[in-house]
Amino acid sequence: MFTLTFPDGAVRQVSPGTTPLEVAKEISPSLAKAALAAELNGELVSLVHPIQASAAFRLITWQDEVGKAVFWHSSAHVLAQAVKELWPDALLDDGPPTEAGFYYDIKFPQPIGEEDLPRIEVKMREVLKRKERLVRREMDGGEATAFFTARGERFKLDLIQVIAARGEAITVYEQGAWADLCRGPHLLDTAKIKAVKVLSVAGAYLRGDEKNEQLQRVRAISFPTQEELDQYLFMIEEAKKRDHRKLGKELELFSFHDVGPGFPFWHPNGAVIWDELVRFWRDLHRAAGYQEIRTPMILSESLWHQSGHWEHYRENMYFTRIDDGDFAVKPMNCPGHLTVYGAQPHSYKELPLKLAEMGQVHRHEKSGVLHGLFRVRMFTQDDAHIFCTPQQIEDEIVKVIQLVDRIYSTFGFSYEMELSTRPEEKYIGSLEIWEQAEDALKQALGRVGAAFKLNPGDGAFYGPKIDFHIKDSLGRRWQCATVQLDFSMPERFGLDYTAEDGTRKRPVMIHRAIFGSFERFIGILIEHFAGNLPTWLSPVQAIVLPITEGQMEAARAVQERLLAGGIRAQLETRSEKIGYKIRAAETRKIPWILVVGAREAEQGLVAVRRHGKGDLGAKPVDEVVKELQALSMARSLEAETLA
RNA sequence: GCUCGCGUAGCUCAGUAGGUAGAGCGCAUCCUUGGUAAGGAUGAGGUCACCGGUUCGAAUCCGGUCGUGAGCUCCA
């Protein structure tokens, strides 16, 4: 008998060969129905996998991320089967689950288009109706090669070679007349897949390598119930409404033009948001002991040789000539900051020295990756470099993490941390230095008690880093804050400080940014708030609407009192009905709409209407000014505006 | 960069048997002075992204360029 230990600590004795499905049925029929797969000591297995040892046992359902992955992986097989029934000559490459749904990369005899997607969807439903079982079979290399050669699936033959070379078992999942090379595990059958939607088709390279031929990637999603699919599709629609590119245009925040692909133009409204973020950022950074500097946009190519950027980052840089010299437009601020540090001798008493800059950088991004404010060629980093002793690293990292938390919480953002370590190739500095740096980051994370994900090999070429990922309204994670340790750059620039004993020592440098870039961060804010920015960030905080032209002067006086109180206020002067003016103000998402009619004008009141909330009744003008000032000063989130 | 789609007034879009362009919103002027999400009239506004080709004639067909959208990392 084997012992299974359940997540709640309970144990159960089972005989060899018992399957997870049998175990589930013994626990409860409803659990057996919900189960999609199981885990044995953390290893994902199918529900009919015979149990051959004692293990920690867990049933996987739709509620688990891995449960969704299994569900979507099996759905990808249904997609492939449907495609093969429609296009028997289509060649299949690879079809994994993703964070939201699944896809299959396919070479069609003739490229298909959007108009073919409904046919695929209909065929998928047809396949699902057959409720076919997914049957696992192990094969050796020769058998598998013969199997897929007979089926003309030449891409699969390459995969078989790769798997065989790794010495792994080759498994095939059969489903009716069709079969796919697949590690699994899978659902027992397709009966649980109740709703599918084929979402899109786009180009994708074979094996994801741009040197290879291009295939077509068909993306789709599936759910155990129609309701969940409907919910998902509704969410997609909502997300589209929040697209910062659309809202940026509608709210006149910024624009893009042919004359500057990837270079945003900030309009007055967007510039206000920017300025408020700058003020917020500056307040906190001054308080945290940072000193602001400014460094040049264009610097000699020799500097970039010295920093290593020429060697490692050249393809993303812009170059120019001045007189007879070669210069480069800065893609990062660090060499400038190193130059400032190196301009004077430093004592250990000055450390940690924190130099900050809202540094505008230019990077040549491939044309195809540009995406609104999220991916641009010119952006402004809220950059800072902390020069300190090796002993100060841990404390300083902890302080940076705390500052990040303070800033993100102001916007109501949740975030996740990732620690990235030394890349396999393309790195500078010795192995010992890298190890020391990675340890310091781990220590700091341990001290703040933060959970983090490890990304081996994902560090920058000059040091390991901690990245912070914000989750946006589309469920996408965006990297914003980053903290990067750098033992190499001070070395390259020969930086030093005088230690207590009078000797010269090398400082350590910490690169860090919190917004990441103002451009991307504002894009995220727009989507996060669906354009309904909190009062402190709103380009126009209040608009005064006279009911008729008879109240124009009274309304103007209200606007002047707001302006005198430091509130960004506008006055509506068009000769329209009040309903029209209200609608216009609501459409512009102005948080405070102040209506002045004859009654209010007489008593020094304004009728307050908050964006999205309707009429809140009349109040004295002074009271409204104070309320607006308080919200702005506190940089209040006004949580209710998130709804 | 690559694949596919798209590019008509400030905005959102109509405009296929190729015959020199339309709507709504916005804007301007006038009328209306109306209490919480669209009052009415008149008018201005476009070298149909750009370059070239086919044609008697191109927004429309063809080629190229530029821009833009989706995708191109996430194990069979």
Side-chain angles (χ1 to χ4, degrees), chain A residues 44 69 73 76-77 80 92-99 102-105 111-115 136 139 144 148 153 155-156 158-160 162-163 166 168-173 179-186 199-219 243 245-246 249-250 252 255-262 315 364-372 455 458 545-552 574-588 593-600 607-618:
Chain A
L44 193 62
H73 196 175
H77 281 215
L92 302 174
D93 180 31
D94 180 11
T98 64
E99 268 186 35
F102 53 92
Y103 64 81
Y104 219 109
D105 285 348
I112 63 161
E114 296 273 327
E115 64 280 3
R136 183 173 186 272
M139 294 184 180
F148 285 101
E153 296 282 7
F155 297 149
K156 297 290 179 189
D158 301 341
L159 290 171
I160 289 167
V162 171
I163 298 164
R166 284 202 299 250
E168 292 174 20
I170 293 170
T171 54
V172 168
Y173 275 81
D180 198 5
L181 177 71
C182 187
R183 175 186 293 163
H186 278 281
L199 299 167
S200 67
V201 56
Y205 298 100
L206 179 64
R207 304 277 181 285
D209 186 336
E210 65 182 8
K211 291 183 204 71
N212 287 342
E213 70 178 298
Q214 260 198 328
L215 314 177
Q216 288 189 290
R217 172 165 298 181
V218 178
R219 297 161 51 96
D243 191 314
R245 294 167 298 183
K246 180 174 178 284
K249 192 181 277 185
E250 286 170 5
E252 297 175 32
S255 61
F256 285 93
H257 303 273
D258 289 6
V259 291
E315 59 275 19
H364 178 71
E365 302 287 353
K366 288 184 188 175
S367 60
V369 305
L370 300 178
H371 183 93
N455 284 334
D458 251 7
L545 313 183
I547 287 186
T548 77
E549 278 171 29
Q551 291 85 49
M552 191 62 78
R574 289 179 297 183
S575 164
E576 296 287 352
K577 299 207 330 192
I578 190 65
Y580 178 93
K581 294 188 246 191
I582 294 274
R583 183 185 146 79
E586 289 284 355
T587 305
R588 292 172 62 196
I593 298 166
L594 307 176
V595 177
V596 179
R599 293 200 296 271
E600 289 81 10
V608 177
R609 180 186 170 112
R610 294 295 315 269
H611 170 61
K613 282 202 262 295
D615 192 355
L616 299 179

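Here is the naming used below: chain letters follow the sequence lines, and residue numbers restart at 1 for every chain. Values in this document were obtained by computation on a predicted structure and should not be read as measured data.
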Of all the heavy-atom pairs spanning [X] and [Y], show the shortest one and how long it is.
X	Y	answer
A:K156	A:D93	NZ-O, 3.0 Å
A:P546	A:M552	CG-SD, 3.8 Å
A:L370	A:P261	CD1-C, 4.1 Å
A:K581	A:R574	NZ-O, 3.6 Å

[atom1] atom, [N] versus [M]: distance in rounded Å?
N	M	atom1	result
B:U60	B:A9	P	15 Å
B:U32	B:A49	P	43 Å
B:G46	B:G1	P	33 Å
B:C62	B:U16	P	15 Å
B:A21	B:A59	P	9 Å
B:C11	B:C50	P	15 Å
B:G71	B:G15	C1'	31 Å
B:G5	B:U42	C1'	41 Å

Does a side-chain N or O of [X] approach OP1 or OP2 of [N] to a distance below 4.0 Å, or not?
X	N	result
A:T548	B:G34	no
A:R217	B:C4	no
A:H364	B:G1	no
A:R136	B:A76	no
A:R245	B:G69	yes

| said: Could you check whether any side-chain N or O of A:Q216 sits under 3.5 Å from a backbone N or O of A:V201, counting only pairs where one atom can act as donor and the other as acceptor? | reply: no
With a 3.5 angstrom cut-off on both distances, give the Watson-Crick or G-U wobble partner of [N], or none if there isn't one.
N	result
B:U42	B:A28
B:U16	none
B:C72	B:G1
B:G35	none
B:C48	none
B:A58	none
B:A9	none

| note | A correct 5'-to-3' footprint of nucleotides 36-42 of chain B, with B, S and - meaning base, sugar-phosphate only and no protein heavy atom under 4.0 Å, is BBBB---
| field | Of A:G550 and A:P261, the one whose closest RNA chain B nucleotide lies more 5' | value | A:G550
| note | Residue pair A:V596/A:R183 against RNA chain B: nearer the 5' end by closest nucleotide is A:V596
From C-beta outward on [X], which listed nucleotide comes closest to its side chain: [options]?
X	options	result
A:L370	B:A76, B:U68, B:G35	B:U68
A:A202	B:G71, B:G1, B:A76	B:G71
A:R574	B:G26, B:A76, B:G1	B:G26

Looking across every strand, which nucleic acid part, if any, lies under 4.0 Å from [X] by heavy atom: base, sugar-phosphate, or nothing?
X	value
A:S200	nothing
A:V162	nothing
A:H257	nothing
A:K249	sugar-phosphate
A:A585	nothing

What integer distance in Å separates [X]:[atom1] from [N]:[atom2]?
X	N	atom1	atom2	answer
A:F148	B:A76	CZ	C1'	8 Å
A:L215	B:C2	CG	C1'	12 Å
A:Y104	B:C74	OH	P	14 Å
A:K246	B:G69	NZ	C1'	15 Å
A:D105	B:U73	CG	C1'	12 Å
A:L44	B:A76	CG	P	15 Å
A:E99	B:C75	CD	P	11 Å
A:D243	B:U12	CG	P	12 Å

| field | Neighbour count above 12 (heavy atom, 6.0 Å) for A:E250 CD | value | yes
| query | Listed by chain and number, what are the side chain to side chain donor-acceptor pair (under 3.5 Å) partners of A:K249, not counting sequence neighbours? | reply | none
| query | Are A:V596 and A:L545 close enough that some pair of their side-chain heavy atoms sits under 4.5 Å apart? | reply | no
| request: Report the C-alpha separation of A:R217 and A:D105 in whole Å, then their side-chain angles, then the decisive distance to 0.1 Å, and conclude whether the salt bridge (Lys or Arg N to Asp or Glu O under 4.0 Å) test is met. | output: CA-CA 4 Å; A:R217 172 165 298 181; A:D105 285 348; 2.7 Å; yes
| said: Tell me if the side-chain of A:Y205 makes a donor-acceptor pair with the base of B:G71, cut-off 3.5 Å, by modelled atom types. | reply: no
| field | A:R583 side, atom CZ; A:I578 side, atom CD1 - distance, nearest 0.5 Å | value | 14.5 Å
| message | What's the separation between atom CG in A:L92 and atom OH in A:Y104, rounded to the nearest 0.5 Å? | response | 5.0 Å
